[in-house]
Student: 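I am attaching a structure below and will ask some questions about it afterwards.
Note that the numbering runs from 1 along the sequence shown for the chain. Heavy atoms only: backbone and side chains are in, while hydrogens, waters and symmetry mates are out.
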Amino acid sequence: MILSLHVPKTGGSSFRESLRNCYGSRALFDYGDLVGVNTPEAIAHRERRTAKARARKDDLASRYDVIHGHFLPEKYFGLFPVEGFSAFFRDPFQQTLSHYDFFQRHPEIDHPVVKLVHAVQMSLPEFIEAFPDPQTRFLGGLGIDDLAVVGPMEQYERLVALFNSVFGCRIAPSSTRENANPGRDGAYAVDAQTRKAIERYRGGDIEAYRRACEKFEKLAGRYDI
């Protein structure tokens, strides 16, 4: 089983469509666990969903070859022989601005964080402080070295090629950018205040991104990508 962690705003929606095109009904897309929300209600919600998944482990093993989505890796620990975990990361300064911008554009999304951002009209600095290290938290109990495929989404096509080489599949990169900001062409400008806030509250993401880039280059060299 391939377990693909969809870290927010790292190309995961585009990759989901590539997985759908390649695997069809053999791909399971697992969203709705409210990863990163740690209220008692959200934790109980995740526990219920995890219990349901673990109760159908034989069905999952027989019906699917890949699971992709917003879930913590522990959800599937020990359910079946795991072929490997995969995750894409993004420069934390760009990921932060993209994530905040996405929430601003989509107040209709039924998610507690989106609702909170709009209910209190959360500013960018407040958002950064309130939700530290959003990329790292998707690793759960895993580290970068535990991932069979990992790297920066800025190297998206090479990442897909690495995924194919490691897992022996034939995924084609998506021809469209899913959930991208339609009004933006190029990188976000990061002012000094925002940079300082990200360095303070998202140091874990900065380090994880550095290590993801480092491991990616080692893997790319091993597979001649």
Student: Could you tell me how the ring of Phe88 sits relative to the ring of Phe15: parallel (under 30°), tilted (30 to 60°) or perpendicular (over 60°)?
Tutor: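 Tilted: the ring planes of Phe88 and Phe15 meet at 30° to 60°.
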
Student: Are Arg158 and Glu217 close enough for a salt bridge, meaning some N to O gap below 4.0 Å?
Tutor: yes

Student: Salt-bridged, Glu214 to Arg211, with N to O below 4.0 Å?
Tutor: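 Salt bridge between Glu214 and Arg211, a charged N being under 4.0 Å from a carboxylate O: no.
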
Student: In chain order, what residues pass the salt bridge (charged side-chain N to carboxylate O under 4.0 Å, His left out) check against Arg56, with sequence neighbours excluded?
Tutor: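 Per chain and number, Arg56 pairs via salt bridge (charged side-chain N to carboxylate O under 4.0 Å, His left out) with Asp59.
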
Student: Using a strict threshold of under 4.0 Å (side-chain N to carboxylate O), is an ion pair present between Asp30 and Arg49?
Tutor: yes

Student: Closest approach of Arg20 and Phe29, non-hydrogen atoms and distance?
Tutor: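 Smallest interatomic distance, heavy atoms only, reads NH1-CE1, 3.6 Å.
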
Student: Are Arg90 and Asp205 within salt-bridge range, i.e. N to O under 4.0 Å?
Tutor: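 So Arg90 does not pair with Asp205 through a salt bridge.
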
Student: Under the salt bridge (Lys or Arg N to Asp or Glu O under 4.0 Å) test against Asp33, which residue among Lys75, Arg48, Arg137, Lys52 passes?
Tutor: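 Of the listed residues Lys75, Arg48, Arg137, Lys52, the salt bridge (Lys or Arg N to Asp or Glu O under 4.0 Å) partner of Asp33 is Lys75.
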
Student: Between Phe138 and His70, is the ring centroid distance below 6.0 Å?
Tutor: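 Here the rings of His70 and Phe138 have centres that are less than 6.0 Å from each other.
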
Student: Under 6.0 Å between the ring centres of His6 and Tyr31?
Tutor: yes

Student: Counting neighbours of CD on Glu108 that are heavy atoms of other residues, nucleotides or ligands and sit closer than 6.0 Å, is the number greater than 12?
Tutor: yes

Student: Does one hydrophobic cluster hold both Val114 and Val7, with members joined at side-chain heavy-atom distances below 4.5 Å?
Tutor: no

Student: Salt bridge between Glu207 and Arg210, side-chain N to carboxylate O under 4.0 Å?
Tutor: yes

Student: Check salt bridge (charged side-chain N to carboxylate O under 4.0 Å, His left out) between Arg26 and all other residues, then give those that pass, not counting sequence neighbours.
Tutor: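 By the salt bridge (charged side-chain N to carboxylate O under 4.0 Å, His left out) rule, Arg26 matches Asp65.
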
Student: Do Leu124 and Thr96 have side-chain heavy atoms sitting under 4.5 Å apart?
Tutor: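 Result yes, sub-4.5 Å side-chain heavy-atom pair found.
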
